[in-house]
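Every chain is numbered from 1, with letters handed out A, B, ... down the list of sequences. For clarity, every value in this text was computed on a predicted model and none was experimentally measured.
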Amino acid sequence: MPQERISNDEFLNRLTILLSSTHSASRGSIYLTQKPLESTTESVSPPQILVRATNGLSKPHRTAKPKSAANSKPKIKLATVVEVADLDTFYARYAEVCKKGMEGLRKRDKKKAKEKAKAKKKGKAATGATGS
Amino acid sequence: MTYLADLHSYLHQSSLLIQAYPSTRITTKYSLPRKPNTKAMSKPSDGPAPTADTTAVASQPKREPSAVLTLKTYHPESGICLKYRTDKAAEVGRLLTGLGRLAKREVIEIPTAATAQIESGRAAEGDKMEIDSGVSAPKVEDKVVTAPPAVVQTGGGGGGKGKKKKGKK
């Protein structure tokens, strides 16, 4: 089944929304996949990269017992194709989106940072990281 | 299903796998912890996360569970699977630059200490070859005798050894 592919910009925008909505629900997962696109003409040595994002939920018709519509969130699938020339710019922005969106990860530990600051004077870097 | 210890070796191994099998795919899973209700707070039920959790708990006990980022490099045909798991926000940036480089099929070498070791290994091999050649055998002996105390000794090999020592301290 061919998947609808959206533009890189749209993908990143929707991924931002997907990340923030997952956070507001404070549960769930997001899967990001990247793989080279199988080209029919195998001339291009580094092919385009297909990047997908999904929230990993099942399609409504696959769930055994359909939950109430209010409870169940829809499956979200995003896919985009990144041209080789755009890889650098795309990944720079992709990284920004992920850094901002994955706010549930552990920030640099303040205790550890203090210890580090004692050992080395790395306090500045640590606060900078937590600030971002 | 191997979890690799650090990010660099994960990226390195993944780059090798992609070199070998270009159809390898990389999945990044960002999963939020279970809803932090009171029961979960007292005993976080992170069943499938033993290694990272134990270390985290050991270093900093009684912390609320954080989200976890799991990376999986997988080649379906051969079934080779490399994994890496982190919960550090600081690693996301490095990780994604790594993924970008993997997308471009670059070979990612392990920087710093590991490469230094490899280099020193190569240097040692060079020394051995010198020994094998036989002509410079006494010279080498001199080197071996003087090497441990003498940091002053010039030359690439000597310098490298001195550096390594400092690192150990």
Side-chain angles (χ1 to χ4, degrees), chain A residues 15 18-19 22-39 42 45-56 82 84 86-112 115 125-126 128-130 132, chain B residues 14 17-19 21-37 40 48 52-53 55-57 59-77 85-107:
Chain A
L15 179 61
L18 177 61
L19 280 162
T22 311
H23 261 283
S24 59
S26 78
R27 69 197 181 92
S29 307
I30 290 168
Y31 296 78
L32 306 165
T33 311
Q34 66 179 57
K35 66 171 196 175
L37 195 62
E38 278 165 37
S39 53
E42 289 188 22
S45 57
Q48 299 159 315
I49 300 292
L50 175 64
V51 182
R52 289 199 185 114
T54 173
N55 57 359
V82 186
V84 179
D86 302 337
L87 272 175
D88 282 324
T89 44
F90 176 79
Y91 268 91
R93 292 180 56 202
Y94 191 33
E96 279 308 308
V97 169
C98 290
K99 271 194 246 175
K100 278 180 190 159
M102 297 175 178
E103 46 199 44
L105 296 172
R106 218 182 282 290
K107 301 269 162 54
R108 196 157 286 184
D109 205 335
K110 278 179 188 171
K111 264 190 190 174
K112 269 190 183 174
E115 280 166 23
T130 38
S132 66
Chain B
S14 299
L17 184 57
I18 286 170
Q19 290 288 317
Y21 304 106
S23 65
T24 303
R25 68 160 184 254
I26 303 170
T27 306
T28 312
K29 179 190 170 192
Y30 171 65
S31 60
L32 287 165
R34 294 269 183 101
K35 235 175 194 175
N37 55 19
D53 259 25
T55 50
V57 168
S59 58
Q60 40 200 266
K62 290 265 173 183
R63 299 220 48 192
E64 53 182 85
S66 75
V68 177
L69 205 58
T70 311
L71 285 118
K72 191 163 99 174
T73 310
Y74 179 58
H75 179 243
E77 277 103 273
R85 180 171 44 209
T86 185
D87 60 354
K88 294 189 192 74
E91 280 192 329
V92 176
R94 266 179 283 159
L95 195 65
L96 275 141
T97 16
L99 290 183
R101 293 180 64 191
L102 289 177
K104 283 191 282 181
R105 293 200 193 162
E106 285 180 23
V107 179

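At a 4.5 Å heavy-atom cutoff, the contact between L19(A) and chain B is made by side-chain atoms alone. Residue T54(A) does not touch chain B at all, counting heavy-atom pairs closer than 4.5 Å. Residue L71(B): no heavy atom, backbone or side chain, is found under 4.5 Å from chain A.
Rounding to the nearest 0.5 Å gives a distance of 12.0 Å between OG1 of T33(A) and NZ of K29(B). Between atom CG of residue L87(A) and atom CZ of residue R101(B) there is a gap of 13.0 Å, rounded to the nearest 0.5 Å. Distance check: I30(A) CD1 to L69(B) CG gives 10.5 Å after rounding to the nearest 0.5 Å. Distance OG/S31(B) to CZ/R27(A): 13.5 Å, rounded to 0.5 Å. The structure places CE of M102(A) at 10.0 Å from CG of L32(B), a figure rounded to the nearest 0.5 Å.
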Take L32(A) and Y30(B) through the side chain to side chain contact (heavy atoms under 4.5 Å, CB included) test and state the conclusion after the steps.
CA-CA 8 Å; L32(A) 306 165; Y30(B) 171 65; 5.8 Å; no

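In terms of non-hydrogen atom pairs under 4.5 Å with chain A, the most contact-rich of V92(B), L95(B), T97(B) is V92(B). Counting heavy-atom pairs closer than 4.5 Å to chain B, the top-ranked of the candidates G56(A), A92(A), G104(A), C98(A) is G104(A).
Each of D88(A), I49(A), V84(A) was scored for a side chain to side chain contact (heavy atoms under 4.5 Å, CB included) with K104(B), with one residue passing: D88(A).
The side-chain heavy atoms of L105(A) and K88(B), taken from C-beta on, include no pair separated by under 4.5 Å. Residues P36(A) and R25(B) have side chains not in contact (no heavy-atom distance under 4.5 Å, counting atoms from C-beta outward). Using a 4.5 Å cut-off on side-chain heavy atoms (C-beta onward), Y31(A) and T28(B) make no contact.
Applying the side chain to side chain donor-acceptor pair (under 3.5 Å) test to H75(B) and every residue at least two apart in sequence or in another chain returns S23(B), S78(B).
Q34(A) places no side-chain N or O within donor-acceptor distance of the main-chain N or O of T27(B), the cut-off being under 3.5 Å.
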